[in-house]
Amino acid sequence: MLKLKVNNLDVEVEEGLTVLQACEQAGAEIPRFCYHEKLSIAGNCRMCLVEIEKSPKPIASCAMPASEGMNIKTNTLFVEKARKGVMEFLLANHPLDCPVCDQGGECDLQDQSMFYGIDKSRYKENKRAVPEKNMGPLIKTQMTRCIHCTRCIRFATEVAGVPELGAIGRGENMEITTYLEKSMESELSANVIDLCPVGALTSKPYVFEARPWELKKTETIDVMDAVGSNIRVDTYGWEVKRILPRINEDINEEWISDKTRYACDGLLNQRLDTPFIKYKNGKFDKASWKEVFNIIKEKIKSTESSKICGFSGDLVNMETLYIFKEFFNKLLNSKNLESRSNHVYLNPEKRENYLFNSSINGIEESDFIFLIGTNPRFEATILNARIRKSYLKNKTEIISLNNIGDLTYPYKKLEGNLGIIKEIIDDKHTISTTIKDSKKPIIVFGQSALASKFGKYIFESIKSYLIKNKKISDDWNSLNTISENASTVGSLDLGIYKNNDGSNEVLTDLENHKYEIVYLLGQDSLKFKKKNEFIIYQGSHGDKGAEIADVILPGSAYTEQNGYFTNLEGKLQKAFKASYPPGDAKEDWQIINELAEVVNNKKIFKDKAELDSSMLNYLNLFKEKNLSKKYSEMTNIIFEDNKLLIEVHDYYYSNSIARASKTMSNCRNEKNNIKATGTEG
């Protein structure tokens, strides 16, 4: 530990910290524009100047290492004069357009100039003007406002892994730009908007929409993927205006993906706001809740319980899943429930079989990563950023069974043959030695691997190999699965599946037309040819599920109801209500509860509190039972040498909200244009 003084206060700090970090630990606030905790040090804004004893000049505290016996002063007249001088230089070319700037009210430069700015400028020269740059459909540029802090460049290069932003020119003629006039090819690109301390980079879809003090802010959880990023939803009246990241070092740090940030305009489009009934001519007609409930009641009463099935979707919260299960099991006496929309292999014997057990934080500790049938860049963008961070920090060796394109970090590509898996478990491949020699290896299964017809062999053989070599223990669990959707882990915890040796029994029966009533709870990904089935669709958007439905029950989106979600590493998090469902739409759990009352003259739960309590008790019991279970090795696993194919994900159209979003459509079109013109990086 180092002993030093900050404003005559004795403090002890760890070795390796900068003067700025030491001052922050001592409670002294240091202004800064270029410095950021997650980025490398640039030291080019000079706003963080402090006085150090025996130094004739003020020192840039972000770039100066703290050393033993330093006497630092942050609040003297000498420091204030130096910072005022820096501010004068920064404002020399900065345009006076705060009233029309989208950053107004949450601008670092505005805040600091209130303290260190002066009311008269000594510069009589004309201010420079920089033309706007094209950075795609997400980022609006006003580069005349840029103060050259280079945060955006460092983020693109270091975190996003797309070195497309840079500076051209020198001195006053320096400009920040993309090297080619095209949008940034990163799923994290819009984080530069949060990083920009001025209004040079702002949100294009949000331009001139609202001021920060007009918005109601709700802290909640993202559902665009299974990572469970922590977000803040800003609403103006009923409408969701924007989504921003919240800091959670264990999950998303302070970044969110572009889909998380911008798919929210899909919450306004193609909404279901009233119940519908489809008539024989194929047209939908508006109906009342009473009418649709009575139609469903008559259908259920005239159908055997074995002929009724239910499928839950990708954005459904856990309370709704739990009441859905209770409705089927206790009211309809049916076990035909499923949350999987494809024939993905599942071994639910132990919870570890479908979790990312090494944890998102654990990625930074790993010394070897093996990707099997997954493209984490599109399946879990934030998790992929952690893998890149691990590579940069530890030079972690990364191998993928398939060539899956640019992942923003170098990795070794194999041919994708299952024979390689056989060689690994027979100790005949170099990867076998690497796994054994690694202290903390991470083996990642993607949905493409588990959904292939060889899913059982791939998963069970690798799992047995890891157990045999003591890579699955209480200290470190190398077995990891990237879940596809926000509701995947929660559905499996609550038992929303009917498993037959890992296969999807309910889906097989549905494809063979064994059911008469199909209840789709927010399920828009099923691929089956409808014959004579009576389909009930409950959801928020008029998407693929609603198209084939006979009765539509309008539900709520994730921002319109409180609900629990379990992320891919098994963390239970609560999403909070930020706005209200439109028209006659209701919260999802409420619809099922009211339908139960019509069918059985009794509600399943008297209120939401009782539902929450019952569900949390169920989860606690499930986790306790699961911990006591022992691994049992699978037998009769047949090896078949073949090539594993990777399913290409339509990243910008992955769910009903994203498909309804105009911004996501623009991003998708931009990406397709880049591919078509051959200007891909």
Side-chain angles (χ1 to χ4, degrees), residues 16-21 24 30-49 60-65 86 90 103 107-109 112 130 133 135-136 138-143 145-171 174-180 182-203 244-245 247 249 252-258 261 364 377 381-382 384-395 406-410 681:
L17 293 188
T18 62
V19 170
L20 186 147
Q21 289 169 320
E24 298 264 291
I30 308 285
R32 84 289 297 268
F33 293 118
C34 70
Y35 174 79
H36 191 276
E37 290 80 0
K38 300 288 179 191
L39 306 175
S40 60
I41 292 165
N44 53 6
C45 78
R46 319 311 279 183
M47 196 64 210
C48 62
L49 295 174
S61 61
C62 70
M64 171 68 78
V86 170
L90 286 174
Q103 196 88 341
C107 172
D108 292 356
L109 186 66
Q112 299 298 345
V130 182
K133 314 293 180 190
M135 288 193 192
L138 303 179
I139 304 164
K140 182 180 186 295
T141 61
Q142 196 89 36
M143 300 316 285
R145 298 171 185 159
C146 179
I147 61 167
H148 302 158
C149 71
T150 69
R151 276 185 184 183
C152 54
I153 298 174
R154 284 174 284 147
F155 173 81
T157 309
E158 294 162 20
V159 180
V162 285
E164 297 171 347
L165 276 179
I168 56 171
R170 296 186 70 184
M174 178 174 156
E175 293 180 21
I176 308 289
T177 180
T178 46
Y179 295 119
L180 298 170
K182 65 184 181 72
S183 59
M184 278 174 69
E185 279 184 58
S186 169
E187 295 71 41
L188 293 166
S189 65
N191 286 292
V192 297
I193 294 163
D194 298 329
L195 288 172
C196 185
V198 295
L201 303 175
T202 52
S203 170
L244 298 174
I247 296 174
E249 294 297 341
N252 58 307
E253 297 182 289
E254 54 189 273
W255 320 122
I256 52 172
S257 69
D258 292 348
R261 189 185 295 267
E364 293 181 41
R377 182 171 175 180
T381 306
I382 297 296
N384 191 63
R386 283 293 181 110
I387 298 177
R388 174 173 167 78
K389 189 177 177 184
S390 177
Y391 166 75
L392 292 175
K393 200 167 88 173
N394 309 325
K395 288 287 175 275
D406 181 20
L407 287 180
T408 72
Y409 43 81

| request: Verify, without hydrogens or angle tests, whether N394 (side chain) and E364 (backbone) share a donor-acceptor contact under 3.5 angstrom. | output: yes
| Considering all heavy atoms of both residues, which atom of W255 and which atom of N191 are nearest to each other, and what is their separation? | CA-OD1, 3.4 Å
| task | Could you walk me through whether K38 and E254 pass the salt bridge (charged side-chain N to carboxylate O under 4.0 Å, His left out) test, one step at a time? | result | CA-CA 9 Å; K38 300 288 179 191; E254 54 189 273; 5.3 Å; no
| Residue pair R32 / C45: nearest heavy atoms and the distance that separates them | C-SG, 4.5 Å
| note | Nearest heavy-atom contact between P197 and Q103 is C-NE2, 4.2 Å
| Cation over ring, K395 on Y391, under 6.0 Å and within 45°? | yes
| field | Distance in Å, N252 CG paired with T381 OG1, rounded so as to fall on 0.5 Å steps | value | 12.0 Å
| Within the distance-only criterion (no hydrogens, no angle test), does the side chain of R151 pair as donor or acceptor with the backbone N or O of Y35 below 3.5 angstrom? | yes
| query | Which one of T177, L165, V192 satisfies the side chain to side chain contact (heavy atoms under 4.5 Å, CB included) criterion with M135? | reply | L165
| said: Using a 3.5 Å distance criterion without hydrogens, assess whether the side chain of S61 forms a donor-acceptor pair with backbone atoms of C48. | reply: yes
| Only one of I41, L39, N44 forms a side chain to side chain contact (heavy atoms under 4.5 Å, CB included) with C34, so which one is it? | N44
| OG1-CD distance between T157 and E164, expressed to the nearest 0.5 angstrom | 9.5 Å
| Which atom pair, heavy atoms only, marks the closest approach of A156 to M184? | CB-CE, 3.9 Å
| request: For the residue pair Q112 and V86, establish whether any side-chain heavy-atom pair is separated by less than 4.5 Å. | output: no
| All side chain to side chain donor-acceptor pair (under 3.5 Å) counterparts of D258, not counting sequence neighbours | S189
| Spatial distance of atom NE2 (H148) from atom CD1 (I153) [nearest 0.5 Å] | 9.0 Å
| task | Report the C-alpha distance between C62 and L20 in whole Å, list the side-chain angles of each, state the deciding distance to 0.1 Å, and finish with yes or no for side-chain contact (heavy atoms from CB on, under 4.5 Å). | result | CA-CA 5 Å; C62 70; L20 186 147; 3.9 Å; yes
| said: Working note: T150 + M174, criterion side-chain contact (heavy atoms from CB on, under 4.5 Å); need CA distance, chi angles, decisive distance, verdict. | reply: CA-CA 11 Å; T150 69; M174 178 174 156; 4.3 Å; yes
| query | Can you check side-chain contact (heavy atoms from CB on, under 4.5 Å) on F155 and H36, steps first, answer last? | reply | CA-CA 10 Å; F155 173 81; H36 191 276; over 6 Å; no
| query | Once you round to the nearest 0.5 Å, how far does CD of E253 lie from CD1 of I382? | reply | 8.5 Å
| query | What is the minimum heavy-atom distance between A200 and M143, and which atoms define it? | reply | O-SD, 4.0 Å
| Q142 versus L201: any side-chain heavy-atom pair under 4.5 Å? | no
| task | Measure from the side-chain N and O atoms of R377 to the backbone N and O of D406, and report whether any donor-acceptor pair falls under 3.5 Å. | result | yes
| Given the rule in the side-chain contact (heavy atoms from CB on, under 4.5 Å) test, do V130 and C146 qualify, once you have shown the distances and angles that lead to the verdict? | CA-CA 9 Å; V130 182; C146 179; over 6 Å; no
| field | Side-chain (R388) to main-chain (E158) donor-acceptor, under 3.5 angstrom | value | yes
| field | Contact summary for A385 and L188, nearest pair of heavy atoms | value | CB-CD1, 3.9 Å
| field | Gap separating the CE atom of M64 from the CG atom of L49, nearest 0.5 angstrom | value | 11.0 Å
| remark: d(L109 CG, F33 CZ) to nearest 0.5 Å is 4.5 Å
